[in-house]
Amino acid sequence: MTTDTTTETDLYNLDLTDDPEVQNAVFLRAFNSGDGAAFDRLYRDDAISNLSGKPLTGNERTEAIKQFLATGPSLDSSIKYAYTAGDTILVVVDFNLEITNDAGERQKIHGTCTDVLRRVENGKWMMAIDRPVADKLPV
């Protein structure tokens, strides 16, 4: 599924839901905006993200996300499967990521991402674990 992420949206009021397709669309919209602070708002404070290549949480995660999104990556993803158990959702997606390497050239990375979302006290769903794994890293 390719999701249009160009429609103007208030990035600071995006909400994940219990619908995996909506979750994916919201995640892509925030990621492709390039606004790392807005994207990081989808995560619980104690969430772990492996977006940087190593598991980070808290301020380290936030700063890594801001720095990475500032480089202008482009992401597309599609749901492989999702399972809900009470206040927890496991979502697995295939992703295609385009990044700019150190030489200024665009590189494409394909992989699979495992996400765990949790429903918090106010009923809102938030990212708890984000673990993208590339099929092959660019050389």
Side-chain angles (χ1 to χ4, degrees):
M1 175 183 106
T2 301
T3 304
D4 175 16
T5 57
T6 59
T7 307
E8 191 149 333
T9 302
D10 180 358
L11 294 171
Y12 288 85
N13 285 308
L14 293 174
D15 285 326
L16 297 169
T17 72
D18 60 353
D19 180 326
E21 294 293 340
V22 172
Q23 289 172 8
N24 191 46
V26 168
F27 192 85
L28 289 172
R29 183 157 307 204
F31 185 98
N32 289 325
S33 75
D35 186 332
F39 182 71
D40 191 62
R41 290 173 58 95
L42 299 176
Y43 290 80
R44 296 168 46 103
D45 290 340
D46 63 348
I48 298 168
S49 176
N50 196 45
L51 190 61
S52 69
K54 61 183 177 178
L56 298 176
T57 191
N59 288 334
E60 285 183 303
R61 180 201 67 240
T62 298
E63 289 309 309
I65 286 172
K66 286 180 181 178
Q67 289 173 11
F68 181 63
L69 293 188
T71 66
S74 175
L75 178 66
D76 188 26
S77 60
S78 60
I79 305 291
K80 286 180 71 169
Y81 49 87
Y83 302 104
T84 302
D87 66 352
T88 304
I89 300 174
L90 170 67
V91 180
V92 177
V93 301
D94 281 332
F95 69 86
N96 291 298
L97 177 65
E98 191 170 316
I99 62 171
T100 303
N101 66 18
D102 293 338
E105 301 164 332
R106 295 297 276 181
Q107 289 185 315
K108 294 182 181 186
I109 301 170
H110 175 76
T112 302
C113 186
T114 305
D115 295 329
V116 175
L117 290 90
R118 298 286 316 265
R119 187 174 26 225
V120 295
E121 298 77 34
N122 65 3
K124 185 176 179 177
W125 288 91
M126 300 192 77
M127 193 70 77
I129 301 170
D130 176 22
R131 188 173 181 272
V133 177
D135 292 343
K136 180 180 172 186
L137 291 174
V139 203

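Only this structure's heavy atoms are used, side chains among them; waters, hydrogens and symmetry mates stay out.
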Taking every heavy atom of A82 against every heavy atom of V91, the minimum-distance pair comes out as CB-CG2, 4.1 Å
Check your understanding: Does V92 share a hydrophobic cluster with V116, counting links as ILVMFWY side-chain heavy atoms below 4.5 Å and allowing steps through other members?
Key -> yes
Exercise. Give a yes or no answer on whether the side chain of H110 reaches the backbone of F95 with a donor-acceptor pair at less than 3.5 Å.
Key: yes
Joint cluster assignment, V22 & L117, ILVMFWY side-chain distance < 4.5 Å
yes
Note: A64 and L56 closest approach over all heavy atoms is CB-CD1, 3.6 Å
Margin query: A quick test of your reading: do over 12 heavy atoms of other residues, nucleotides or ligands sit less than 6.0 Å from CZ of R41?
Written below: no
Note to self: Taking the side chain as everything from C-beta on, heavy atoms only, tell me whether W125 gets closer than 4.5 Å to V26.
What the structure shows: no
Note: L14 and L42 closest approach over all heavy atoms is O-CD2, 4.0 Å
*asked:* So for atom CG, which belongs to D102, do other residues, nucleotides or ligands contribute more than 12 heavy atoms lying within a distance under 6.0 Å?
replied: no
* Using a strict cut-off of less than 4.0 Å between a Lys/Arg side-chain nitrogen and an Asp/Glu carboxylate oxygen, indicate whether K66 and D40 qualify as a salt bridge. => no
Fill in: Greater than 12 external heavy atoms within 6.0 Å of R131's CZ
no
Checklist entry - Between P73 and I99, is any pair of side-chain heavy atoms under 4.5 Å apart? => result yes
In terms of heavy-atom contacts, A128 and R44 come closest through CB-CD, 3.8 Å
- prompt: Parallel, tilted or perpendicular: which describes the rings of F39 and Y43, with under 30° parallel and over 60° perpendicular?
  reply: perpendicular
Next on the checklist: Walk me through whether I48 and R61 qualify under side chain to side chain contact (heavy atoms under 4.5 Å, CB included).
Outcome noted: CA-CA 7 Å; I48 298 168; R61 180 201 67 240; over 6 Å; no
Heavy-atom nearest pair, A38 first then Y12, reads N-OH, 3.7 Å
Test side chain to side chain donor-acceptor pair (under 3.5 Å), reference S77, set T112, N24, D94, output is N24
Give a yes or no answer on whether the side chain of N32 reaches the backbone of L75 with a donor-acceptor pair at less than 3.5 Å.
yes
inquiry  = Counting only heavy atoms not in D15 (residues, nucleotides, ligands), do more than 12 fall under 6.0 Å from its CG?
reply    = yes
Tell me whether V93 is reachable from I109 by hopping between hydrophobic residues (I, L, V, M, F, W, Y) whose side-chain heavy atoms are closer than 4.5 Å.
-> yes
### Residue pair I79 / E21, side-chain heavy-atom distance below 4.5 Å
yes
Q. Do the side chains of Q23 and I89 get nearer than 4.5 Å, heavy atoms only?
A. yes
Is there a side-chain contact between T84 and D18 in this structure, where contact means two heavy atoms from C-beta onward sitting under 4.5 Å apart?
no
Checklist entry - Quick check: does any side chain N or O of T88 sit under 3.5 Å from a backbone N or O of R118, one acting as donor and the other as acceptor? => result no
Heavy atoms of C113 and D130 approach each other most closely as SG-OD1, 3.2 Å
key: Whether over 12 other heavy atoms sit under 6.0 Å from N59 CG   = no
Query - Heavy-atom side-chain contact between L69 and D35 under 4.5 Å - result: no
Just wondering, do S52 and E60 contact through their side chains at under 4.5 Å, heavy atoms?
-> no
Can you hop from L16 to I129 via hydrophobic side chains spaced under 4.5 Å?
no
